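Provided herewith is a single structure, encoded as structure tokens, for subsequent inquiry.
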Amino acid sequence: VSLWQRRALRLALHYLGNAADADDAVQDAFVKLYGHMTSYRADSPFDAWFTRILVNACLDRAKARSRARRWLLPP
């Protein structure tokens with residue numbers, strides 16, 4: 001985790017623009033990573049696999065934030 005934490009936070013902050021959301025997305029990505037370690041293929045680069053998990057976590061969080069705004073703000 002310590003090797004990837006800073007890089008992951010920078011990337012998540014780039015995608016989300018909010019430090020709190022970026023922290024949450026990184027935490028989600030690490031949880032997903034550990035939960036799916038058995039599906040990692042050693043013939044592919046680890047950094048590409050982890051980055052894809054992180055980007056998906058960021059996109060999920062951005063979609064959820066967008067949905068929340070749609071329901072909370074009047075038209």
Side-chain angles (χ1 to χ4, degrees):
V1 172
S2 62
L3 293 174
W4 293 94
Q5 184 76 26
R6 289 184 62 199
R7 179 179 181 264
L9 278 172
R10 279 194 317 266
L11 184 61
L13 190 57
H14 173 76
Y15 270 88
L16 298 169
N18 178 326
D21 285 342
D23 284 338
D24 290 341
V26 170
Q27 183 177 2
D28 291 346
F30 279 119
V31 169
K32 287 178 187 177
L33 174 85
Y34 286 117
H36 293 94
M37 283 299 279
T38 57
S39 67
Y40 171 64
R41 293 188 335 244
D43 61 331
S44 61
F46 178 81
D47 60 336
W49 185 61
F50 175 66
T51 301
R52 187 76 252 162
I53 291 172
L54 177 61
V55 168
N56 284 338
C58 290
L59 294 175
D60 289 345
R61 188 156 294 278
K63 279 190 275 187
R65 186 171 55 188
S66 174
R67 264 186 259 121
R69 272 193 230 138
R70 225 179 336 191
W71 285 101
L72 295 176
L73 294 178

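Bear in mind the structure is a predicted one, so any value in this text is a computation, not a measurement.
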- Item | Least distance between heavy atoms, Val26 atom then Ala12 atom | CG2-CB, 3.8 Å
- Closest approach of Ala22 to Leu13 (non-hydrogen atoms, all atoms of both residues): CB-N, 3.6 Å
- Any pair counted as side-chain hydrogen bond (donor to acceptor under 3.5 Å, both in side chains), so long as it reaches residues 15-30, sequence neighbours left out: Asp21-Arg65, Asp28-Arg61
- Query: Passes side chain to side chain contact (heavy atoms under 4.5 Å, CB included), Trp4 versus Leu11? Steps please.
  - Reply: CA-CA 11 Å; Trp4 293 94; Leu11 184 61; over 6 Å; no
Show me the donor-acceptor pairs within less than 3.5 Å that the side chains of residues 47-56 make with the rest of the protein, sequence neighbours left out.
| residue | atom | partner | partner atom | Å |
| --- | --- | --- | --- | --- |
| Thr51 | OG1 | Arg7 | NH1 | 3.1 |
| Thr51 | OG1 | Arg7 | NH2 | 3.4 |
| Thr51 | OG1 | Asp47 | O | 2.6 |
| Arg52 | NH2 | Asn56 | OD1 | 3.3 |
| Asn56 | ND2 | Arg52 | O | 3.3 |

- Message: Give me the atom names and distance for the closest heavy-atom approach of Cys58 to Ala25.
- Response: SG-CB, 4.0 Å
- Message: Would you compute the distance between atom OG of Ser66 and atom CG of Leu59 and round it to the nearest 0.5 angstrom?
- Response: 12.0 Å
- Message: Test your reading of the model: is there a side-chain donor-acceptor pair from His36 to the backbone of Lys32, 3.5 Å cut-off?
- Response: yes
- Query: Hey, any chance Phe46 and Val31 share a hydrophobic cluster, counting ILVMFWY side chains that come within less than 4.5 Å of each other, even indirectly?
  - Reply: no
